[in-house]
Amino acid sequence: MRFIFVTGMSGAGKSTALKSLEDLGFFCVDNLPVALIDRFVALSIDNNFENDKIALGVDIRSGDGLGELSHCLNRLRENKFNFEILYLDANDQSLVKRYKETRREHPLAKGLSLEDGINEERSRIDFLKKSADYTIDTSGLLTRELKNEIVKIFSNKKDYTNMIVTIMSFGYKFGIPQDADYVFDVRFMPNPYYEPNLRRKTGNDIEVQEYVMNSDASKDFLDKIDGLMSFVTSEFVNNDDRHQLVVAVGCTGGRHRSVTIANLLHQRLSGLPYSVRVFHRDIANDTYVKGEA
């Protein structure tokens, strides 16, 4: 039997995770009172439960019962019951944004500000984060990307590491991404803007990629950044409690050179044992009309 506790911060994506697990054939129960967990586990074992894959959602909604959850998990461990904990997390900025967009009230925000409610929740469920087998930071993830992470972890198709690398292209004229961990400037590369037949294309087009990479400096740079990021990400995976890494690649307008390098770096890193996604922040900005690229 595979038994998963799905937990984490309110607004971090637990409902999406449970739906994804259900699609993978898990029998899912959300917000079961903590006092019933022991009995639920016993029934699933003693009665030869028809489904050998179970996911149980537990979180701050358990109220005062959450304090008993630590003891409950310890009892299960003492009884040699094997289970895993999936913890969904997100930064405060993302959680506040999501709550404001949905106009939902945070479970602990009654009489408190939203930010205070989030801080209180972090404090109360910190013991779950520390004992989690899998942690997914959903701050920069789309719903489909979170679903892909769930599939990768629980379909047993691929080894999983608690690291999601985002390679982001951007334009300096729109500002450096505030959440970037590493920033690389590629404005020294050949600029397709000055070629009339390439100006309206982007780094997603092969013609632009060939133009940008038709330079020894561009090829050397890609090799060097590939080696550096391969090394850095593996070290973070092995030695640091980090689940997100943002690598930003910038040119003037964020449409040609930065998109090209971000795409090629994404291709090179995708074979490594962690999740790699590419995001082009400024590619939709029609800056070429103003004579910039």
Side-chain angles (χ1 to χ4, degrees), residues 8-9 11-13 16-17 85-98 118 122 126 129-130 132-154 157-172 174-187 203-204 221-251 254 257-283:
M9 294 295 295
T16 297
I85 298 177
L86 169 64
Y87 188 96
L88 283 301
D89 201 1
N91 59 40
D92 290 1
Q93 182 180 6
S94 296
L95 294 175
V96 169
K97 182 174 182 290
R98 292 170 189 175
I118 290 172
R122 285 197 190 282
D126 185 60
K129 184 175 182 178
K130 289 178 178 177
D133 297 280
Y134 314 98
T135 301
I136 302 178
D137 188 327
T138 67
S139 301
L141 296 186
L142 301 174
T143 298
R144 62 177 172 79
E145 292 172 328
L146 173 55
K147 290 180 179 178
N148 289 339
E149 289 300 302
I150 298 299
V151 170
K152 187 172 69 173
I153 300 171
F154 296 106
K157 292 181 180 178
K158 186 175 181 181
D159 292 336
Y160 179 79
T161 57
N162 287 338
M163 172 70 79
I164 298 174
V165 178
T166 299
I167 303 172
M168 180 191 304
S169 69
F170 72 95
Y172 274 94
F174 302 108
I176 298 175
Q178 294 185 355
D179 56 345
D181 296 293
Y182 292 88
V183 178
F184 296 98
D185 188 340
V186 297
R187 287 176 290 185
N204 288 331
F221 177 83
L222 181 60
D223 289 339
K224 287 180 170 59
I225 190 177
D226 176 17
L228 174 62
M229 297 320 302
S230 296
F231 170 78
V232 166
T233 49
S234 65
E235 289 300 304
F236 274 128
V237 166
N238 295 328
N239 303 309
D240 191 68
D241 185 23
R242 177 189 290 262
H243 309 295
Q244 288 267 16
L245 191 69
V246 179
V247 181
V249 182
C251 61
R257 294 165 289 181
S258 63
V259 174
T260 293
I261 296 302
N263 284 336
L264 295 177
L265 183 60
H266 175 254
Q267 292 175 14
R268 292 196 178 195
L269 296 181
S270 291
L272 298 176
Y274 43 77
S275 294
V276 184
R277 60 193 290 263
V278 65
F279 172 62
H280 303 305
R281 192 191 71 176
D282 299 321
I283 196 171

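Considering every non-hydrogen atom in both Glu145 and Gly140, the closest pair reads OE1-O, 3.9 Å. The heavy-atom pair separating Lys130 from Asp126 by the smallest distance is CE-OD2, 2.7 Å. Residues Val276 and Leu269 come closest through the heavy atom pair CG2-O, 3.6 Å. In this structure, Met168 and Pro177 approach most closely via the heavy-atom pair SD-CG, 3.5 Å. Considering all non-hydrogen atoms of both residues, Gly11 and Arg98 come closest at O-NH1, 2.9 Å. The shortest non-hydrogen separation linking Ala12 to Leu95 is N-CD2, 4.0 Å.
With rounding to the nearest 0.5 Å, the separation of OG in Ser139 from CG in Asp89 is 7.0 Å. The OG1 atom of Thr166 sits 7.0 Å away from atom CG of Leu141, with the distance rounded to the nearest 0.5 Å. Taken to the nearest 0.5 Å, the CZ atom of Phe184 stands 5.5 Å off from the CE atom of Met229. To the nearest 0.5 Å, the span separating CG on Leu265 from CD1 on Ile225 amounts to 5.0 Å. One distance of note links CD1 of Ile176 with CG of Asp185; it measures 8.5 Å at 0.5 Å rounding. The line from OH of Tyr87 to CG of Asp133 is 14.0 Å long, rounded to the nearest 0.5 Å.
Tested against Met9, the residues Leu88, Thr138, Ile118 include a single side-chain contact (heavy atoms from CB on, under 4.5 Å) partner, Ile118.
A donor-acceptor pair under 3.5 Å is formed between the side chain of Ser234 and the backbone N or O of Ser230. Without hydrogens or angle criteria, Asn148 side chain to Arg144 main chain gives a donor-acceptor distance under 3.5 Å. Here the side chain of Asp181 pairs no donor or acceptor atom with the backbone of Val247 at under 3.5 angstrom.
For the side chain to side chain donor-acceptor pair (under 3.5 Å) test, no residue two or more places apart in sequence or in another chain qualifies with Arg281.
Remark: aromatic rings of Phe170 and Tyr172 are close, center separation under 6.0 Å.
A 4.5 Å side-chain heavy-atom check between Val165 and His266 finds every atom pair outside the cut-off.
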